[in-house]
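As the structure lists them, so they are numbered: ligands from 1, and atoms in each ligand from 1.
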Amino acid sequence: MLTANGLAGFTPRHLLSISDMNRLDIEMLLDLGEAYLDLSVQKDTQNHALAGKTLINLFFENSTRTEKSFELAGRRLGADVINMAIAQSSVAKGETLLDTAATLNAMNPDLLVIRHGASGAPALLSQKVSCAVINAGDGMHEHPTQALLDALCLRQAFAKTGQDIGGMRVAICGDILHSRVARSNIQLLNILGAEVRLIGPPTLLPADADRWGVDVFHDMKKGLEGCDVVMMLRLQLERMGGAFIPSKREYFHFYGLDRTKLAYAKPGALVMHPGPMNRGVEISSDVADDPEISLITKQVESGVAMRMAILHALSLKERGGRS
Ligand code: ASP
């Protein structure tokens, strides 16, 4: 069983935002994630780091990868896992979330994973419960565990070349405006010292993006030049009230990643996508399914290991009182 030796000095009590962590915290989590990745390859079933602990998954929005990987991560560490599938219900925000928090708190969980359509919902919940709260995506705000798993995946993918994330040029492309994945990844990559570029149409880039420590491009050819990594984002149509793009076909023509556009990046550049993918809209199947260049399935694999590391690290924190 992995011990917590490498976590001395890990500071966060909750995982709500990448901004709650310093570089050391992030590197400790990545090291532990790497160790869990090795263990999962060996199919070690003897890990009981979370034995006797209760993990509640509270998903107010739909999820495939994130919910299942938290469930698997909790079970692999021996926790009791409860999934509360409330995405389809008509619960309102605000009061209902607080009522839910009180109910859950009475069950004495140790770890609470929450996805919610409202930015800030996990932070609010963390003030009302006495266990560790993990943000599994809140509105357009953040998705910190996705950024951590992406970093773990990059570390592994570039291990052979010895290239460090700190020296990489990473392009994040597409619907930045509605993307919590982009917001968390930008912060994390900046903390680790990578050069970050955002590429997308002006309608899908926040007006203040140039103040996020990134370079902004509207043209794939210019933006992808010299990039080691191309991170594609889904067009988040469910968050678009109006017409942000003329048509999906036109969007693919200008911003969809195919082999022609990928050739603008550095030779050997690797491609990422957090999923779910819209094939033929932001990425061609040809690129997405090529294991030589696509890290997409590796991202899912890294997701379980990274979430094991996060659950393990936060489970070591003292439970606090409710505020
Ligand atoms: N799965 C990611 C999220 O929950 C990305 C996406 O939905 O496009 O934000």
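For ligand 1, the protein residues placed under 4.0 Å by at least one non-hydrogen atom are R115, H143, R180, V181, R234, Q236, G275, P276.
Of the N and O atoms on the side chains of N57 and E71, not one donor lies less than 3.5 Å from an acceptor on the other residue. There is no side-chain donor-acceptor pair under 3.5 Å between Q146 and N185.
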Evaluate side chain to side chain contact (heavy atoms under 4.5 Å, CB included) for L257 paired with V230, printing each intermediate quantity in order. CA-CA 9 Å; L257 191 68; V230 186; 4.0 Å; yes
Please test N105 against S130 for side-chain hydrogen bond (donor to acceptor under 3.5 Å, both in side chains), starting from the C-alpha separation and ending with a verdict. CA-CA 7 Å; N105 205 51; S130 36; 3.2 Å; yes
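Using a 4.0 Å cut-off between charged side-chain N and carboxylate O, E225 and K221 make no salt bridge.
In terms of heavy-atom proximity, V281 sits nearest to Y251 at O-CD2, 3.4 Å.
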